[in-house]
Amino acid sequence: IDKQKEPHAKRLRQCEEEVTSTKRDIDTLKSQASQLEREIDIEKRDTEADRQSKAELHNEMESLKRCLDKAADSTTRQAEIAALNEQMIKALEVEISQHK
């Protein structure tokens with residue numbers, strides 16, 4: 001009778017070992033899934049922070065571009081004023097030389 005139970009007992013131990021192994025695998029997979037979910041959350045936060053930084057940089061670039069355009073306009077106006085002053089000086093010098 002023991003000889004008849006022995007194969008069944010051996011098969012039962014194998015099944016119990018497989019159940020234990022499968023439970024360990026399930027626990028490992030659950031742990032890995034949790035870790036992946038945490039990593040996904042971190043990546044989502046990083047992506048959002050990058051998006052906000054990009055928007056801020058875009059706004060700053062637009063502001064700097066407007067300032068550059070204003071500076072260029074101002075420089076052009078100053079150059080025109082300087083040229084006009086030069087013409088006026090020459091005209092006054094001619095007028096003064098005619099009165100001498």
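The structure presented is a predicted model; accordingly, all values stated were derived computationally and were not measured.
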Listing request: all side chain to side chain donor-acceptor pair (under 3.5 Å) pairs with a residue in residues 8-20, at least two apart in sequence or in separate chains. none
Apart from V94 itself, which Ile, Leu, Val, Met, Phe, Trp or Tyr residues share its cluster (side-chain heavy atoms under 4.5 Å, direct or through members)? none
Applying side chain to side chain contact (heavy atoms under 4.5 Å, CB included), can you list everything that pairs with T47, at least two apart in sequence or on another chain? none
For K44, give me all partners under side chain to side chain contact (heavy atoms under 4.5 Å, CB included), at least two apart in sequence or on another chain. I40
With sequence neighbours excluded, give me every salt bridge (charged side-chain N to carboxylate O under 4.0 Å, His left out) pair touching residues 70-99. none
For Q35, the side chain to side chain contact (heavy atoms under 4.5 Å, CB included) test, sequence neighbours excluded, returns R38, E39
Atom pairs and distances, donor-acceptor, side-chain atoms in residues 51-62, under 3.5 Å, two or more places apart:
| residue | atom | partner | partner atom | Å |
| --- | --- | --- | --- | --- |
| R51 | NE | E48 | OE1 | 3.2 |
| R51 | NE | E48 | OE2 | 3.4 |
| R51 | NH2 | E48 | OE2 | 2.5 |
| Q52 | NE2 | E48 | OE2 | 3.3 |
| S53 | OG | A49 | O | 3.1 |
| N59 | ND2 | A55 | O | 3.4 |

Spacing of OG belonging to S74 relative to CG belonging to D69, to within rounding of 0.5 Å: 12.5 Å
Results of side chain to side chain contact (heavy atoms under 4.5 Å, CB included) for Q32 - residues two or more places apart only: T28, L29
When rounded to the nearest 0.5 angstrom, what distance separates OG in S63 from CG in L68? 11.0 Å
